[in-house]
Amino acid sequence: MVAIGEHAVASNKCFSMNLSAPFLSQFFKEPMKQVLPYCDIVFGNEDEARAFAKDFELNTDDLAEIAKKVAAMPKKNLKRNRIVIFTQGADPAVVYMDGDVKKYPVLPILPEDIVDTNGAGDAFVGGFLAEYVKNSDIKTCVMNGMHAAHMIIQVSGCSLPERQ
């Protein structure tokens with residue numbers, strides 16, 4: 001991942017990382033520490049963010065503060081400011097960008113419409129990045145991520161619902 005990160009920096013390409021699971025920052029702290037400087041966008045959910053904060057001794061469990069501190073960690077590509085995004089299930093997503101924290105409410109859904117939340121975070125990241133690569137504004141990127149997550153939690157497994 002470091003080699004890919006170096007390529008991204010050298011060619012000013014975006015490099016992103018998903019924290020992926022709460023235990024990763026505990027058991028793979030050193031590899032994460034080596035990759036993080038290359039990351040232009042860091043994604044995670046609230047549990048992953050708080051585990052990362054604990055393992056990296058950020059001394060807070062407040063998601064907005066964690067996002068700020070992650071954004072301030074050393075970075076190789078100074079041409080791109082780091083964006084940090086933490087999702088929280090039914091609670092608003094926390095987005096740190098350019099010195100500002102914003103919260104974006106999730107799309108409403110009835111509990112009986114939720115079938116399977118596996119893959120919701122990955123769907124969010126995919127939806128976000130699909131807009132990001134088109135140079136969409138951050139709100140559009142976040143909303144597209146939310147639409148993708150909203151769609152995936154209404155089906156069993158990580159499959160797209162039938163087109164209508």
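No hydrogens, no waters, no symmetry mates; every other heavy atom, side chains included, goes into these values. Starting from 1, each residue takes its place in the sequence as its number.
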Main-chain N/O of Val9 paired with Arg80 side-chain donor or acceptor, under 3.5 Å: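 Side chain of Arg80 to backbone of Val9, a donor-acceptor pair under 3.5 Å: no, none is there.
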Could you list the residues that satisfy salt bridge (Lys or Arg N to Asp or Glu O under 4.0 Å) with [X], not counting sequence neighbours?
X      : result
Glu65  : Lys68
Lys134 : Glu131
Lys54  : none
Lys29  : none

Hydrophobic cluster (4.5 angstrom, side-chain heavy atoms) - remaining members for Val133: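 Noted: Val133 shares its cluster with no other residue.
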Do the non-hydrogen side-chain atoms of [X] and [Y] ever get within less than 4.5 Å of each other?
X     : Y      : result
Val94 : Gln88  : yes
Leu19 : Phe86  : yes
Lys69 : Met73  : no
Asn77 : Lys13  : no
Ser16 : Leu129 : yes
Val95 : Val84  : no

Sequence-distant partners of Thr117, side chain to side chain donor-acceptor pair (under 3.5 Å), two or more places apart: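 For Thr117 there are no side chain to side chain donor-acceptor pair (under 3.5 Å) partners, ignoring immediate neighbours.
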Distance in Å, Met17 CE paired with Leu36 CG, rounded so as to fall on 0.5 Å steps: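 Between Met17 CE and Leu36 CG, I get 5.0 Å after rounding to 0.5 Å.
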Atom pair CD1 (Ile41) and CZ (Arg82), whose distance is rounded to the nearest 0.5 Å: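 Separation between the atoms: 11.0 Å.
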Those residues that, when tested against Phe43, pass ring-ring contact (aromatic ring centres under 6.0 Å, His included) (two or more places apart):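 ring-ring contact (aromatic ring centres under 6.0 Å, His included) list for Phe43, sorted by chain: Phe128.
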Donor-acceptor side-chain pairing of Asn45 and Asp47 below 3.5 angstrom: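 Judged by distance alone, the side chains do not pair up.
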Side chain to side chain contact (heavy atoms under 4.5 Å, CB included) evaluation trace for Met151 with His147: CA-CA 6 Å; Met151 180 177 62; His147 281 288; over 6 Å; no
Distance-minimising heavy-atom pair for Ala148 and Gly127: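 Heavy-atom minimum between the residues: CB-CA, 4.1 Å.
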Selection residues 52-72 - residue pairs positive for ring pair (Phe, Tyr, Trp, His ring centres under 6.0 Å), sequence neighbours left out: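 As it turns out, the ring pair (Phe, Tyr, Trp, His ring centres under 6.0 Å) pairs with a partner in residues 52-72, which skip direct neighbours, are Phe52-Phe56.
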side-chain hydrogen bond (donor to acceptor under 3.5 Å, both in side chains) pairs, two or more places apart, involving residues 90-107: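 Every side-chain hydrogen bond (donor to acceptor under 3.5 Å, both in side chains) pair that includes a residue of residues 90-107, provided the two are not neighbours, is Asn81-Asp98.
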side-chain contact (heavy atoms from CB on, under 4.5 Å) involving [X] - partner list, sequence neighbours excluded:
X      : result
Gln34  : Val2
Ile4   : Phe15
Asn135 : none

